[in-house]
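I have placed the structure first, in the form of structure tokens, so that the comments after it can refer back to it.
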Amino acid sequence: MSRRNTRHRAFDPDPDAPRQCCDAPGCEQEAGYRAPRSRDSLNEYFWFCLQHVREYNARWDYYKGMSSAQIEAHLRADMSWDRPSWKIGHIGQKGFNEEDVLDPLDILRASRADRARRHRQSREPKTPEPLREPLVAMGLRWPVSLEEIKARYKTLAKKHHPDTNHGDPHAEERLKVINVAYSALRAHFTSNIDSNLEKSA
């Protein structure tokens with residue numbers, strides 16, 4: 001048994017066509033095919049028979065009566081679906097507001113925090129390369145004064161001294177690292193003081 005093909009064929013009359021005669025003058029055929037009345041009224045239709053809708057479509061010129069500049073402007077608007085567009089980096093006349101964006105993962109907030117962190121880092125004085133490890137070893141951050149270094153050294157030396165830790169070898173090794181770091185930092189400040197004295201002499 002063969003199945004009946006219910007697919008709508010390309011040239012079948014429009015099932016929503018009104019029960020009327022063709023709009024072509026003098027034609028008494030039943031109208032089954034729609035055609036837009038004009039460029040400005042695309043949702044208003046003539047209703048034709050198949051022969052006259054073909055003739056109408058063959059003569060149809062959407063851009064009829066438009067200048068080349070108007071046609072180009074219309075084509076450009078079509079490329080952006082008739083929505084306004086702006087130069088890259090600009091969003092209309094109004095600045096971009098992050099609060100207006102749905103951001104359930106807080107990506108924008110994380111981005112703001114990262115920018116703030118990088119801004120703070122850019123404003124902080126850069127740690128001299130030779131002092132980075134000694135400062136980390138002593139738990140200090142740059143900039144730091146010689147008085148702060150001395151006070152920190154006294155605290156750490158007392159904390160990690162073998163007598164305080166009952167001869168713990170780990171504390172002894174830690175104290176050695178602190179001593180080396182303190183020597184490096186003190187040498188840096190001493191050399192700077194000497195050079196400043198020479199310049200002022």
Side-chain angles (χ1 to χ4, degrees), residues 42-43 62-63 66-201:
L42 294 176
N43 292 324
Y62 182 86
Y63 297 107
M66 295 176 70
S67 67
S68 57
Q70 289 173 322
I71 293 173
E72 183 177 356
H74 195 280
L75 291 173
R76 288 181 181 276
D78 275 350
M79 290 172 65
S80 58
W81 300 282
D82 284 325
R83 298 182 65 182
S85 59
W86 299 274
K87 293 180 181 179
I88 294 175
H90 297 77
I91 303 181
Q93 303 297 320
K94 185 180 177 182
F96 174 66
N97 184 4
E98 292 181 356
E99 300 300 326
D100 295 337
V101 179
L102 182 64
D103 185 23
L105 300 179
D106 281 338
I107 293 171
L108 294 176
R109 186 174 68 177
S111 176
R112 287 196 299 271
D114 184 56
R115 288 198 302 271
R117 179 183 57 79
R118 282 188 274 122
H119 180 66
R120 284 195 305 272
Q121 288 177 346
S122 67
R123 296 184 66 180
E124 291 174 356
K126 292 190 71 174
T127 306
E129 184 67 35
L131 303 186
R132 288 183 182 177
E133 287 188 21
L135 286 170
V136 170
M138 294 189 68
L140 293 170
R141 293 184 62 183
W142 186 263
V144 66
S145 67
L146 184 57
E147 288 72 23
E148 290 175 292
I149 294 169
K150 288 179 178 178
R152 181 67 173 166
Y153 174 71
K154 287 180 182 178
T155 302
L156 293 175
K158 185 177 180 180
K159 179 180 178 181
H160 296 285
H161 196 277
D163 293 343
T164 310
N165 293 277
H166 309 289
D168 182 3
H170 294 293
E172 189 175 347
E173 288 299 319
R174 175 70 179 142
L175 184 58
K176 288 179 182 178
V177 172
I178 292 166
N179 284 332
V180 171
Y182 176 64
S183 298
L185 292 170
R186 188 176 59 182
H188 172 80
F189 278 90
T190 304
S191 65
N192 280 350
I193 291 171
D194 292 342
S195 63
N196 289 334
L197 288 173
E198 289 176 5
K199 288 178 182 177
S200 62

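Nearest heavy atom pair, residue Met138 against residue Ala181, reads CG-CB, 3.9 Å.
In terms of modelled atom types and a separation under 3.5 Å, the side chain of Gln70 and the main chain of Ser67 share a donor-acceptor contact. One N or O on the side chain of Thr164 and one on the backbone of Lys158 form a donor-acceptor pair closer than 3.5 Å. A distance-only check finds no donor-acceptor pair linking the side chain of Arg174 to the backbone of His160 [under 3.5 Å]. Checking side-chain atoms of Glu148 against main-chain N and O of Ser145 turns up a donor-acceptor pair under 3.5 Å. In terms of modelled atom types and a separation under 3.5 Å, the side chain of Asp168 and the main chain of His161 share no donor-acceptor contact.
Within the 4.5 Å cutoff, the side chain of Leu175 has no heavy atoms near those of the Glu172 side chain. Between Tyr182 and Lys150 there is a side-chain heavy-atom pair separated by less than 4.5 Å. No side-chain heavy atom of Leu135 sits under 4.5 Å from any side-chain heavy atom of Arg141. Between Ile71 and Tyr62 there is no side-chain heavy-atom pair separated by less than 4.5 Å. Using a 4.5 Å heavy-atom threshold, the side chains of Leu185 and Tyr153 count as separate.
If you take CD1 on Ile178 and NZ on Lys159, they are separated by 8.5 Å, rounding to the nearest 0.5 Å. Between the CD1 atom of Ile149 and the CG atom of Leu131 there is a distance of 7.5 Å, given to the nearest 0.5 Å.
No more than 12 heavy atoms of other residues, nucleotides or ligands lie within 6.0 Å of CD in Glu133, so this atom counts as exposed by the packing criterion.
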